[in-house]
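Could you have a look at this structure, given as structure tokens, before my questions?
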Protein chains: 2
Amino acid sequence: MLAKSSTELVRQKNSVLVLTALRRHGPLAHTELSDFTKLSSATISVITTDLERAQIIEKAEQQAASGRGRPRVLFSQRRDCGYLIVVIISSDAVQYSLVDYAGRLIDRFTEDRQQTVPNVASFVRGLRDALNRIVVRSRLSRDKVVMISISSKGLVESSEPVLRWSPIFGREQIDFAAVLRGEWSAKVILGNETLLVAAAVGRQEENKKGRDFRALAALSLGHSIGLGVVRRGNEGRLEISAPNFGHMLHMPGGGLCRCGSRGCIEAYAGFYAILRTAFDVPLDTIPAKFVPVAELDKIATSARQGNRRNIHAFRQAGLALGNGLSRVLSLHESMPIAITGPGTRYYDLLLEGISEGLAESHVVRMEGMPELRVMADEPTLVFEGHLNRALAMMDDDIVRSGVAISELNEQTV
Amino acid sequence: MLAKSSTELVRQKNSVLVLTALRRHGPLAHTELSDFTKLSSATISVITTDLERAQIIEKAEQQAASGRGRPRVLFSQRRDCGYLIVVIISSDAVQYSLVDYAGRLIDRFTEDRQQTVPNVASFVRGLRDALNRIVVRSRLSRDKVVMISISSKGLVESSEPVLRWSPIFGREQIDFAAVLRGEWSAKVILGNETLLVAAAVGRQEENKKGRDFRALAALSLGHSIGLGVVRRGNEGRLEISAPNFGHMLHMPGGGLCRCGSRGCIEAYAGFYAILRTAFDVPLDTIPAKFVPVAELDKIATSARQGNRRNIHAFRQAGLALGNGLSRVLSLHESMPIAITGPGTRYYDLLLEGISEGLAESHVVRMEGMPELRVMADEPTLVFEGHLNRALAMMDDDIVRSGVAISELNEQTV
DNA sequence: ATTTTTTTCTCGACAGTCGAGAAATTTAGT
DNA sequence: ACTAAATTTCTCGACTGTCGAGAAAAAAAT
């Protein structure tokens with residue numbers, strides 16, 4: 001049973017609508033807000049004064065009047081309304097970014113993770129230190145940070161910020177909410193890295209195609225394999241999900257994967273797997289923890305020069321990806337696939353296998369080959385995805401609590 | 001961008017809330033409605049008088065007063081508010097049911113499909129005739145039928161009532177909206193059969209567990225293989241989807257499937273496939289159009305008596321299902337699996353393969369073996385699913401149009 | 001007959017949106 | 001310098017919606 005509706009909820013939703021318009025199109029005037037949101041001018045007036053009183057938005061500096069008539073006054077978010085820390089955990093480093101409410105980057109640094117044995121306890125210590133450092137450096141009060149958005153490769157709990165499995169820490173779970181509770185009042189969210197890529201690319205597509213955009217999958221190729229899916233939900237908004245694609249079964253009883261299972265897609269298409277095939281190492285060999293890209297580059301150039309075995313290695317990887325993708329398309333619907341990650345530099349070598357792996361299935365025979373496109377700059381997409389997700393969530397949260405604050409103000413004034 | 005909210009929308013949503021409560025819990029009094037919907041008594045008054053004036057609900061006959069105090073008056077749907085025709089297309093017959101707005105079955109008959117070559121044109125003719133007949137027999141006006149809900153096995157377009165592929169008509173598509181346009185003003189919806197099973201089981205689970213219910217998959221075993229998934233969406237309501245599971249890739253380059261592809265799950269786990277394996281027919285043999293259940297029963301009993309080859313046939317089928325399910329769980333999340341359809345009678349023989357096929361994957365190693373349960377009576381579940389889906393949709397549509405009608409009444413009176 | 005109990009209905013207060021037009025403020029024209 | 005035109009923002013009254021409190025209704029208990 002759904003929750004009841006009320007007039008207050010209407011206001012909340014429409015306030016979020018205003019904030020979203022502001023977020024997507026930058027500073028906007030009263031009239032433009034009315035245009036974008038389809039709300040009447042009168043309503044915009046009420047909402048903006050409310051949000052202004054609640055210190056969420058502000059009237060921008062008077063800009064040079066451009067035409068005749070009363071000059072527009074632009075509304076924009078108050079940057080100091082709340083801050084976001086983005087934490088991007090990758091295999092060799094952790095990047096910390098401090099972002100204000102308007103989405104502007106304030107501070108950023110990267111901590112190399114020590115290449116030694118991964119240790120959850122020491123990692124958590126490093127995380128705490130770094131979070132501390134970033135607010136101190138910017139002379140920010142701890143409680144002005146209202147959200148901490150973390151991403152990692154691996155398997156993430158959907159409802160809580162718990163990392164269930166990751167290529168770095170394996171089955172050692174990390175509950176980020178528990179780790180940061182007490183010290184931080186901020187809301188902590190966690191997302192699979194490729195999920196955020198999908199979110200970013202999906203947003204781009206929606207900006208381009210509008211309501212025509214239906215669905216898209218983002219495939220990240222690297223030491224591990226990730227997939228994110230973004231689809232238009234039945235309510236009209238975009239829904240993102242991160243299937244555990246890298247560890248979906250490719251071949252029963254097949255090659256040994258880093259996760260300890262056998263026959264995962266990653267065990268055929270991950271960098272270590274390509275290396276393994278290229279050197280004809282037995283498939284049950286324990287995977288390498290880390291493969292320098294240079295190593296793979298060598299195999300690739302030799303493959304491009306005609307080396308049979310190396311061509312085969314990339315082909316096998318492509319097949320695993322293609323078969324897996326065909327299964328994803330069977331389970332959802334046919335959709336374009338955006339390929340990112342360091343593995344895109346071998347796209348020429350993978351393509352044949354991917355195509356063949358896709359071609360066999362019923363979906364592809366029915367719907368035709370899905371569009372494949374390469375999007376090189378993965379880190380940027382990940383960061384964009386963080387911002388899209390976290391800031392939209394902040395808008396929501398702030399409206400919910402911010403309106404209450406404005407009411408308090410009214411009463412005390 | 002989401003659509004704006006307004007006070008009128010609030011009323012619409014709350015009206016649907018009232019109708020939904022009525023649908024789930026039968027005739028209810030003012031007080032009970034208030035309890036279920038959490039709306040205030042005053043609001044219930046306004047909404048019920050509105051719905052009553054719009055001829056959507058009515059006050060029930062005065063029932064014997066049960067306690068002291070003013071006696072309750074029960075509201076219930078007006079049965080004649082609109083009618084629904086349910087069309088269930090199965091491999092050997094088509095069942096037509098006429099249902100009133102309260103969900104009560106009024107008339108039902110079954111047309112055997114001629115066992116000859118399936119012909120879309122003649123099928124459509126039969127459909128038109130039968131739909132005609134069912135309203136004439138009940139002396140009902142055509143335009144009192146506001147919805148026609150059709151189900152079939154196969155692949156269904158998600159947004160329009162178009163059958164993309166079916167085991168019966170193959171790649172000959174049927175656009176039911178186009179076929180019935182002109183003759184019928186009713187809204188036409190189409191759903192995959194197993195999707196409706198999932199909807200029905202999901203509803204049952206939600207009634208039992210409430211908000212604790214997260215997700216469930218329904219697996220239908222028979223001549224073809226179907227899967228429906230029901231999950232709680234991010235807005236709190238249940239979302240159902242029907243993956244093209246039967247024709248998901250099981251084994252690259254594997255057995256020939258009825259769909260013309262190779263290596264589909266169905267080509268290993270469908271009845272014809274089990275037969276094929278049992279008789280050691282080459283895997284590229286063109287599948288039998290139809291397999292009498294008696295035939296499979298024979299193989300099963302012989303397997304139960306120890307026949308190696310037949311045991312192997314069921315085991316192979318189980319493995320295909322288990323592997324496929326493991327992939328589904330990788331792509332969504334771990335969830336219980338309800339197994340229905342005629343194939344459940346061989347559950348004992350399939351179980352080992354299913355378990356083994358599931359066990360290998362990363363998800364199952366992480367989350368443990370998903371709960372498997374057998375639900376025998378598939379046809380009932382399919383019909384229940386039809387009612388759940390179609391009547392809920394009717395509530396929505398009727399409120400949208402019905403309130404407009406009541407406004408017209410007000411103005412003309 | 002009166003009281004108690006339970007349910008339904010009604011009234012006034014409050015929150016929200018909208019359309020229309022008033023007010024504000026700048027540019028263009030003379 | 002003044003006025004007219006243009007454009008944007010603000011304000012007011014009408015309408016719709018929900019809610020809490022208490023009145024009204026109707027049956028059982030005393």
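Values in this document were obtained by computation on a predicted structure and should not be read as measured data. Order of the sequence lines sets the chain letters (A, B, ...), proteins ahead of strands, with each chain counted from 1.
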Residue A:E8, side-chain atoms from C-beta onward, closest of D:dC12, D:dG17, C:dG16 =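 Per side-chain heavy atoms of A:E8, the pick is C:dG16.
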Between atom CZ in A:R72 and atom P in D:dA6, what is the gap in whole Å?
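For the pair A:R72 CZ and D:dA6 P, the rounded distance is 17 Å.
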Next on the checklist: The side chain of B:L39 is closest to which nucleotide in this list: C:dC9, C:dT5, D:dC19?
Outcome noted: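 Of C:dC9, C:dT5, D:dC19, D:dC19 is nearest to the side chain of B:L39.
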Please determine, for the side chain of B:S40, which listed nucleotide (D:dC19, C:dG16, C:dC9) has the closest atom?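 Between D:dC19, C:dG16, C:dC9, the one nearest the side chain of B:S40 would be D:dC19.
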Check: Between A:F213 and A:R203, is there a cation-pi geometry (under 6.0 Å to ring centre, at most 45° from the normal)?
Finding: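 So A:R203 doesn't make the cation-pi contact.
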message = Can you tell me whether the side chain of A:S41 and the base of D:dC10 have a donor-acceptor pair closer than 3.5 Å?
response =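 Present.
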- prompt: OP1 or OP2 of D:dT18 less than 4.0 angstrom from a side-chain nitrogen or oxygen of B:N14, does that happen here?
  reply: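 So the side chain of B:N14 is within the cut-off, an N or O lying under 4.0 Å from OP1 or OP2 of D:dT18.
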Where does the angle between the aromatic ring planes of A:H332 and B:H332 fall among parallel (under 30°), tilted (30 to 60°) and perpendicular (over 60°)?
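If you compare the ring of A:H332 with that of B:H332, the planes turn out tilted.
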By the 4.0 Å heavy-atom rule, please label A:I44 as base, sugar-phosphate, or nothing.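 No contact at all - A:I44 keeps every heavy atom at 4.0 Å or more from the nucleic acid.
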**Prompt:** With a 4.0 Å cut-off on heavy atoms, is A:T31 in touch with a base, just the backbone sugar-phosphate, or nothing at all?
**Reply:**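 Here A:T31 touches the backbone only, sparing every base.
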> Is there a donor on the side chain of A:T7 or the base of C:dC14 sitting less than 3.5 Å from an acceptor on the other?
Replying inline: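 No such pair is found, so the answer is no.
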query = Start at the 5' end of DNA chain C and walk down; is the nucleotide closest to A:R70 or to A:T43 reached first?
reply =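 Comparing both residues, the 5'-ward one is A:T43.
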5'-most contact on DNA chain D: A:T49 or A:S6, nearest heavy atom basis?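 Its nearest nucleotide being more 5', the pick is A:T49.
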